[in-house]
Engineer: 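Mind looking over this structure? Questions follow.
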Number of protein chains: 2
Amino acid sequence: MLGMLREPHSGYDIKKTFEKSLRSFWRAELSQIYPLLQKMEDEGLLTSKAGASEKGPTRRVYKRSAKGREQLQSWLLEGPVVGTERIGYLAQTYFLANLKDDDKAIEFMQDLRTYLSDWLASLEDAEDEWRANDPGYPDKLSDESFYPQLTLDMGLAKVRVGVEWCDRSIARIRDRQAKRNNA
Amino acid sequence: MLGMLREPHSGYDIKKTFEKSLRSFWRAELSQIYPLLQKMEDEGLLTSKAGASEKGPTRRVYKRSAKGREQLQSWLLEGPVVGTERIGYLAQTYFLANLKDDDKAIEFMQDLRTYLSDWLASLEDAEDEWRANDPGYPDKLSDESFYPQLTLDMGLAKVRVGVEWCDRSIARIRDRQAKRNNA
DNA sequence: TTTATCATGTAAATTGTTACATGATTTA
DNA sequence: TAAATCATGTAACAATTTACATGATAAA
């Protein structure tokens with residue numbers, strides 16, 4: 001939130017940024033965002049201003065304070081946040097033998113492959129669009145765009161290996177099935 | 001937990017499994033595990049038995065019930081759990097421009113690279129040991145070992161791309177620095 | 001006139017972390 | 001005798017999700 005609030009944005013705007021640019025590695029619901037904005041303002045990390053909106057209720061925009069900027073910097077200086085990932089589909093994969101029907105396991109992997117390849121397609125679309133609209137892509141980007149591009153690069157790499165892994169895994173499950181039927 | 005409790009294990013055992021075999025994609029603290037075991041027993045998903053231990057307090061082992069087994073299966077049949085990942089270091093990377101000193105960003109990436117390459121080494125060690133002790137590795141594993149091996153395979157692939165991405169990113173930040181100094 | 005989008009929030013429940021608290025046995 | 005490991009748990013707090021609740025405007 002501190003990272004996004006260099007310029008003033010509403011809770012609704014922040015949600016859109018989560019969905020548009022950060023969804024490869026972070027999500028948050030509006031019901032988490034709104035209370036947190038209030039709490040951060042109480043703590044002096046943000047300031048807010050109410051203003052008219054084109055549609056719907058009054059829009060309240062938040063912006064980080066000097067204290068907020070400092071806190072963001074010290075978070076970055078603390079070093080990489082690691083070791084907290086939880087990947088639900090890998091936890092499931094680990095225990096897939098409990099299905100006791102390899103066809104169900106293949107189905108699981110195919111569903112996962114579909115999800116990941118759709119995701120890959122959407123990242124590739126985002127990259128194509130970026131390349132088409134920004135002549136500096138990817139080697140002459142502004143500071144503001146460069147680091148986000150690094151995360152897109154990682155998103156693409158990560159999702160590609162995910163798809164490959166699904167393909168490899170499906171082939172290996174089939175192979176085991178074939179061996180079992182021969183025996 | 002349901003996946004692990006096909007055979008009876010204590011909370012302490014479960015914690016060790018998290019640290020040894022699942023830590024690439026899931027972690028849990030003892031202070032979460034113990035209350036959850038009790039809650040799941042209350043819900044009829046687990047049964048427990050107290051027994052003597054070699055050291056320390058009485059050991060209580062839990063095992064899943066028929067209802068627990070069914071719940072595990074229906075979780076697996078619901079399809080892959082996706083879209084919930086939160087990758088802290090990528091959230092930080094996205095906002096690294098806020099450091100306003102590229103050397104600090106390089107340091108960040110180097111720290112991350114160290115973490116990931118240590119992790120890779122430990123996964124490779126685990127694989128080497130597995131290969132040395134199990135003549136069926138990796139193509140003739142039992143059902144019980146096959147799916148866990150798939151998650152190890154993914155862990156290796158994922159961490160390798162992470163290390164490569166760090167290297168690529170460090171080079172690109174340096175490149176930008178050099179261009180800036182020439183200008 | 002229905003649906004989508006804009007826009008804000010609260011309430012209840014669940015989940016998870018950090019810190020605290022205890023105590024036995026084995027090994028260095 | 002100190003540290004490591006085995007082993008269990010509680011308390012306080014923090015974070016997060018799901019469901020609920022409202023209502024305006026614009027486009028199909």
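Scope of the values below: all heavy atoms of this structure, side chains included, with no hydrogens, waters or symmetry mates. To find a chain, count down the sequence lines: A is the first, B the second, and so on, and within it residues start at 1.
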Engineer: Are B/R59 and B/D13 within salt-bridge range, i.e. N to O under 4.0 Å?
Structural biologist: yes

Engineer: Distance check needed: C/dC6 C1' versus A/R60 CZ, whole Å only.
Structural biologist: 17 Å

Engineer: Identify which nucleotide among C/dG9, D/dT17, D/dT8 has an atom closest to any side-chain atom of B/R86, counting heavy atoms from C-beta outward.
Structural biologist: D/dT17

Engineer: Rounding to an integer number of Å, can you tell me how far A/I33 CD1 sits from C/dC6 P?
Structural biologist: 14 Å

Engineer: So is B/R176 actually on top of A/F146's ring, under 6.0 Å and inside 45° of the axis?
Structural biologist: yes

Engineer: Counting side-chain heavy atoms from C-beta on, which of C/dT8, D/dC6, C/dT17 comes nearest to A/R59?
Structural biologist: C/dT8

Engineer: In whole angstroms, how far is the P atom of D/dC20 from the OH atom of A/Y34?
Structural biologist: 20 Å

Engineer: Considering only C/dC6, C/dG16, C/dT10, which nucleotide approaches the side chain of A/K16 most closely?
Structural biologist: C/dC6

Engineer: Starting from P on C/dA7, measure out to CG on A/L37 and report it in whole angstrom.
Structural biologist: 14 Å

Engineer: Rounding to an integer number of Å, can you tell me how far A/L30 CG sits from D/dA15 P?
Structural biologist: 19 Å

Engineer: Grab the CE-P distance between B/M1 and C/dT15 for me, whole Å please.
Structural biologist: 12 Å

Engineer: Is A/K158 paired with B/E85 through a side-chain N to carboxylate O contact shorter than 4.0 Å?
Structural biologist: yes

Engineer: Among the candidates C/dG9, C/dA19, D/dA7, find the nucleotide nearest to the side-chain atoms of B/S31.
Structural biologist: C/dA19

Engineer: Between C/dG9, C/dT5, D/dT10, which one does the side chain of B/P35 approach most closely?
Structural biologist: D/dT10

Engineer: Using the side-chain heavy atoms of B/Y12, tell me which of these nucleotides is nearest: D/dA15, C/dT8, D/dT8.
Structural biologist: D/dT8

Engineer: B/Q32 side chain N/O closer than 4.0 Å to the phosphate oxygens (OP1, OP2) of C/dT15?
Structural biologist: no

Engineer: Look at all strands and tell whether A/L36 reaches a base, only sugar-phosphate, or nothing, counting heavy atoms closer than 4.0 Å.
Structural biologist: nothing

Engineer: Ignoring the backbone of A/Y62, work out which of C/dG9, C/dG16, D/dT5 is nearest its side chain.
Structural biologist: C/dG9

Engineer: On DNA chain C, compare the nucleotides closest to B/W26 and A/V61; which residue's is nearer the 5' end?
Structural biologist: A/V61

Engineer: Whole angstroms only, please: what is the NZ-C1' distance between B/K15 and D/dT5?
Structural biologist: 15 Å

Engineer: Quickly work out the A/Q38 CD to C/dA7 P distance and round it to whole Å.
Structural biologist: 17 Å

Engineer: I'd like to know if B/D143 pairs up with A/K100 as an ion pair, taking the criterion as any Lys NZ or Arg NE/NH1/NH2 lying under 4.0 Å from an Asp or Glu carboxylate oxygen.
Structural biologist: yes

Engineer: Just compare D/dT8, D/dT17, C/dT15 and give me whichever is closest to any side-chain atom of A/E29.
Structural biologist: D/dT17

Engineer: In terms of hydrophobic clustering (I, L, V, M, F, W, Y; side-chain heavy atoms under 4.5 Å; direct or indirect links), are A/L120 and A/V161 co-clustered?
Structural biologist: no

